[in-house]
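Report on the structure given below.
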Number of protein chains: 2
Amino acid sequence: MASPRRTTLHDVAQEVGVSAKTVSRVLNGDGPTSEATRAKVMAAVDKLGFQPNLMARNMRVGGPDSTVGLIIPDMGNPFFGTVAGGIESAVRERGLTLLMGSSADDPDRERALITTFLGRRVSALMVVPAAAADHGHLRAARTAGMPVVFLDRPGTGLTADSVVSSNRDGTREGTTHLITGGHRRIAFIGDRPATLYTRRERLAGYREALETAHLPYDRSLVLDGHTEAEAAEAVLRVLHSPHPPTAILAANNFAAMGTVRGMVRAGRRDIALVSFDDLPFAEVLEPAITTVAQDPAAIGTAAAEIALARLDGDRTRARTVTVPTRLIPRGSGELPPSA
Amino acid sequence: MASPRRTTLHDVAQEVGVSAKTVSRVLNGDGPTSEATRAKVMAAVDKLGFQPNLMARNMRVGGPDSTVGLIIPDMGNPFFGTVAGGIESAVRERGLTLLMGSSADDPDRERALITTFLGRRVSALMVVPAAAADHGHLRAARTAGMPVVFLDRPGTGLTADSVVSSNRDGTREGTTHLITGGHRRIAFIGDRPATLYTRRERLAGYREALETAHLPYDRSLVLDGHTEAEAAEAVLRVLHSPHPPTAILAANNFAAMGTVRGMVRAGRRDIALVSFDDLPFAEVLEPAITTVAQDPAAIGTAAAEIALARLDGDRTRARTVTVPTRLIPRGSGELPPSA
DNA sequence: CTGAAAGCGCTAACAA
DNA sequence: TTGTTAGCGCTTTCAG
């Protein structure tokens, strides 16, 4: 590992025969510089392949590092990936780069990542909170001027900005869509644990729709499934129960995929389905799946905008931005009750 | 923005009444320290909520920053997201964090990201090369001891380590699977432009399978489609042509989804299909889609292992690691030719 | 076991 | 228009 020392500002200065500060001025377009030296400096920079050390720069300037820390549960999940992409495109213009880590929804890993990010002096911190995590420990950092934004779910133990989907309204709209189609027995299948924020909100929207329509809330129609397989089994069971539903509201896409499989296995293509969160294959299935689409990229950009405003001095109260969902009728939600 | 100054090593030292170096020693378990001071220091650290500034540390130590730079075309794509997750889990134990950016397959954006990452002195650079990018400019960085690993596709203009899927073997296997099932007219539908590395390799695998089976290579059966819609139309056209295929090999998942839609619109459920790259919905469709599954997480970990080995002094020649694909027969590939 | 001085690469503040 | 000095927060080197 006898890697040659990287060329520094001083090397360039020496090459040209000026002071380091002059090179710095040229590179940052800072103070006044003569055309002559400017040209010579640029030539030397090119010749030596000099690349300024951003760590050193950030440190001297004293401000935060030019990164945004982002913690999501799972990088392979396109929902979170798209959120990340939204953030990136919004902060890129400001010269900020994404420092990313995945928590696997594990509070300890989340905490470790946060510690690392704070140590790196990120400009802002964006977190999709792990299920059982507490965020009180972030208070100091926020007081020190570092914006904290929670994504997808509000954080716990700390009042901070957050950006979420309109889970409740979206699910209500989806459920109402089924009711309007004539359904009176509609099952809800959601994630576990039942205390999960998104699960709670979506269930609440489902119940609101039932109430508005004066339909009874039947607990035997509320199903759980943390994996696709579990969801499929739960659906299979309820379809074989004495009083099966004629429609199903799947509260996330694992549940939706499991529901489709369960229906296929039960040989019931006549059950209506609305899925919360859009799926790449929703249009390909037959019938195509009616979905309540979220807008993950918008969640990302909204979060980035809040963080940037905070960095620009916005000191108003913490707010929660709700990104609207959109019902996309495609066919599966339009099946009439057949039971 | 009157954010209070963050507490530093000196603040802690002053609080305890020792020198900064002593605090440093305690925190890094470096030199010898007495139990007494150790305890006092830890107490002060806790009380003041001190978090060492990693930028300063990295700078002083002189080594690279404790980050790995990763550039992918699209964060919302679960394939690349999963690759990223694989990298992260492999480098986390070494205390490295992921610095991520998306190029949108645009050489200029890729270049800008690389410049930023080099400026940050990342420990290693991992790049899914943008289609038309040249990477000769990375030679200097690599000479300076920074590992460069290309993912999914080899880089251009620079001999460096790379990790790719077994595109050719996988496609050959998938095609052979269809041939074994009795098909003699098999269409290939892939990405554009046709010069794309993965497209070329996969087409080559398809042709190899045909040759081995002494089947003619018919250009009219080679289709393009950069989007799902384009793929669907191409499939529709070929199915209505004078000599339609009885099976289709879709070389990526956009093509596969488009193919499914095209078949549905044509009312042809009797066309066999094998798709390169697994799809979340492959199992849900009817018939379930036979796929040649890639292993994106393994691609990520393999890349990380190469980079870490290089950091540990591995100076052997640049190598290309091929991560095997796996044929998953599910039904769509088992349909017999019916034409 | 602990401390003092020097310096990583860069820029702020002043001076020339 | 340019240079000098000092110092960001930390660790290395060398003395105690």
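The model shown is predicted, which means the values in this text are computed figures rather than measured ones. A, B, ... follow the sequence lines: proteins, then strands. Residue 1 opens every chain.
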Output all residues satisfying side-chain hydrogen bond (donor to acceptor under 3.5 Å, both in side chains) with Thr198(B), sequence neighbours left out; order by chain, then residue number. none

Whole Å only: how far is the CD atom of Gln14(A) from the P atom of dG9(C)? 13 Å

Picking from dG9(D), dG3(C), dG3(D), the nucleotide nearest the side-chain atoms of Asn53(B) would be dG9(D)

With respect to the side chain of Thr8(B), which nucleotide from dC10(D), dA4(C), dC8(D) is positioned closest? dC10(D)

5' precedence on DNA chain C between Ala56(B) and Ser19(B) (nearest-nucleotide basis): Ser19(B)

Could you tell me the separation between the CE atom of Met55(B) and the P atom of dG7(D), rounded to a whole number of Å? 19 Å

Tell me the interatomic distance from Met59(B), atom CE, to dG7(D), atom P, rounded to whole angstroms. 15 Å

Estimated bend of the helix from dC1(C)-dG16(D) to dA16(C)-dT1(D) (axis per five terminal pairs, rounded to 10 degrees): 40°

Between Gly17(A) and Phe50(B), whichever has its closest DNA chain D nucleotide further toward 5' is Gly17(A)

CG of Leu54(B) versus C1' of dC10(D): gap in Å, rounded? 11 Å

Nearest 0.5 angstrom please: Arg109(A) CZ to Ile114(A) CD1, how far? 13.0 Å

Are the charged groups of Arg319(B) and Asp314(B) less than 4.0 angstrom apart, N to O? yes

Quick one, which residues of residues 32-41 of chain A touch DNA chain D with a heavy atom under 4.0 Å? Pro32(A), Thr33(A), Ser34(A), Thr37(A)

What about Arg60(B): does its side chain form a donor-acceptor pair under 3.5 Å with the base of dG7(C)? yes

When rounded to whole Å, the CG to P distance for the pair Leu27(B) and dT12(D) reads 13 Å

For the side chain of Val61(A), starting at C-beta, report the closest nucleotide among dC10(C), dA12(C), dC10(D). dA12(C)

Against the side chain of Val18(A), the closest entry in dG3(C), dG3(D), dG9(C) is dG3(D)

Nearest-Å distance, CZ (Arg57(A)) to C1' (dG9(D))? 17 Å

Are a donor atom and an acceptor atom from the side chains of Arg25(A) and Thr33(A) found within less than 3.5 Å of each other? no

Just jot down the side-chain hydrogen bond (donor to acceptor under 3.5 Å, both in side chains) partners of Asp152(B), sequence neighbours excluded, or say none. none

Tell me the interatomic distance from His10(B), atom NE2, to dA5(C), atom P, rounded to whole angstroms. 11 Å

N/O-N/O pairs, protein side and nucleotides 13-16 of chain D side, under 3.5 Å:
none

Does the distance from a Lys or Arg side-chain N to an Asp or Glu carboxylate O, for Arg94(A) and Asp312(A), drop under 4.0 Å? yes

Tell me, yes or no, whether the heavy-atom count around Gln14(B) atom CD, taken from other residues, nucleotides or ligands under 6.0 Å, exceeds 12. no

If you define the side chain from C-beta out and look only at heavy atoms, does anything of Ile71(A) sit under 4.5 Å from Val128(A)? no

Determine whether the side chains of Ser162(A) and Thr320(A) contain a donor N or O and an acceptor N or O closer than 3.5 Å. yes

Tell me whether the OP1 or OP2 atom of dT11(D) has a side-chain N or O from Ser24(B) closer than 4.0 Å. yes

Is Asn58(B) touching bases, backbone alone, or none of the nucleic acid, heavy atoms closer than 4.0 Å? nothing

Integer-rounded Å distance: dG3(D) P and Leu9(A) CG: 12 Å

Side chains of Ser66(B) and Arg120(A) only: does a donor on one sit below 3.5 Å from an acceptor on the other? yes

Between OG of Ser103(A) and CE of Met75(A), what distance do you get to the nearest 0.5 Å? 9.5 Å

If you draw a 6.0 Å radius around CZ in Arg111(B), do more than 12 non-hydrogen atoms from other residues or ligands fall strictly inside? no

Listed pairs under 3.5 Å, donor-acceptor, residues 76-88 of chain A side chains, sequence neighbours left out:
{"unit_1": "Asn77(A)", "atom_1": "OD1", "unit_2": "Phe79(A)", "atom_2": "N", "d": "2.8"}
{"unit_1": "Thr82(A)", "atom_1": "OG1", "unit_2": "Pro78(A)", "atom_2": "O", "d": "2.6"}
{"unit_1": "Glu88(A)", "atom_1": "OE1", "unit_2": "Ser102(B)", "atom_2": "N", "d": "3.4"}
{"unit_1": "Glu88(A)", "atom_1": "OE1", "unit_2": "Ser102(B)", "atom_2": "OG", "d": "2.5"}
{"unit_1": "Glu88(A)", "atom_1": "OE2", "unit_2": "Ser102(B)", "atom_2": "N", "d": "2.9"}

Heavy atoms from C-beta onward define the side chain here; which of dC8(C), dT2(C), dT11(D) lies closest to that of Thr22(B)? dT2(C)

